[in-house]
Amino acid sequence: MKRILLCDSDLLTKLSDEVPSNKMRQSLVQGLIKGYKLDELCEIIDVEPIEYKRLTLYHDMDFIKQLILDRKEIDQQSENHEVISNKISEVFDLIEDLVDDEVDAKDDELYGLSHDCYPFPFMKYYINLTAASTIQLSERMCEYIKSQHQQQFQSKIIGLNFYGGRHHGSKSKASGFCYINDINLGISTIRKNLPNSNIFYLDLDLHYGNGVAEAFKFSQKVTTCSVHRFDVGFFPNAGSFEESRTGAYNISTKRGLNDESLKWILEEVVLNLIKKHKPNFLIIQVGCDGLATDVHKQWNLTIKGFNKVIQNLINDIDRSIPIMILGGGGYNNAETAKCWTHLTNFLLDSNFPKDINDFQNEIPEHSLLDYYENDGYKFWTETNSNPSKMHNENTIESLQEIKEYLLSL
Ligand SMILES: [Zn+2]
């Protein structure tokens, strides 16, 4: 028996669409999941706003105050200004603002609110609900785990939140399109609710999950493991495997990583690290900017290959371990929507017997169908079914070297 939770909020979808790095992406993601009617098979968490002071569970108060500064002129720039404003006044009715006259937009740069993280319309509400989504999913999963212990009855629980996974944000600085670190807030929420939790965080985004690795590098109860592209000058310019320490592992890869190499890494390295740390809670960040179709063009993964690796990992670990899956990077909107919809589909399948190819190829009729016009309204296309011709610079020797180093720590 399995229970799947899914975060879904019309308001958060609209607010996430405003994020400059991911314009319109969230509508496509939530829209495609609903187009395939997968939401009907999940237990929906309709995200509710939280008091802003709860964000200090991880972040500094000064940073939060800067993030939530009223910026009405910027809000006006939204094409959806009226719709969003009306919804906000309904939903945020009871949330107290943290007004501080000392806070000034001229200090934005100090908090990373410039360059790749400049203020955008309705940012303060986006921050609130994004943090709330992972916090509320964590709380719901913890409640369920506690009730299961009481009943001596174990069944699988998987939580999905494609609004989350903002892994670059630090305590007092926005970075790399991440304004808030919902992951660290989620992990801290789990630690608070389940003091005996032993959490393993796996990051599969193309970029190093530095915000999470940094936050828990001294923690005995939170292990982080990031598989990413690493090179001098490649954002965030850190995360070589030699910088790893026990409990904070970096699997630094080169250009062209393909499905086979990722499979090898998961089976040979990650699974062994999971066995070593024996977690009782697994969090996977599934940023899909490593797909061959992504604008980055650094890795060469296919949707089927990427999701198969996640499926195998979930099948290989102890079935009683709760799993939280969070979004992350992904800059080809239609392919990101397809990737996470496909992932949701096979997670819903009771015992995963269904072949991963067995998926309705016609994009179902829904309000955003036109976005798939270039794909002939098909889910699978020539480009997303096959890797590109990019050379895989990751040799078995280079991967073996990382494996030996990490398993010796
Ligand atoms: Zn990324």
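In each ligand, atom 1 is the first atom listed, and ligand 1 is the first ligand listed.
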**Report entry** Spatial distance of atom OG (S133) from atom CG (L160) [nearest 0.5 Å]
**Finding:** 12.0 Å

Report summary line: the Zn ion (ligand 1) -> D205, closest N, O or S atom is OD1

Query - D289: its N/O/S atom lying closest to the Zn ion (ligand 1) (atom name) - result: OD2

Requested in this report: Compute the centroid of each ring, for H207 and then for H296, and state whether the two points are separated by less than 6.0 Å.
Outcome: yes

Report task. Check whether the ring centres of F241 and F230 lie less than 6.0 Å apart, and answer yes or no. Result -> no

Query raised in the report: N/O/S atom of H207 under 2.8 Å from the Zn ion (ligand 1), yes or no?
Result: yes

Query raised in the report: Any Lys/Arg nitrogen of D10 or K34 sitting under 4.0 Å from an Asp/Glu carboxylate oxygen of the other?
Result: yes

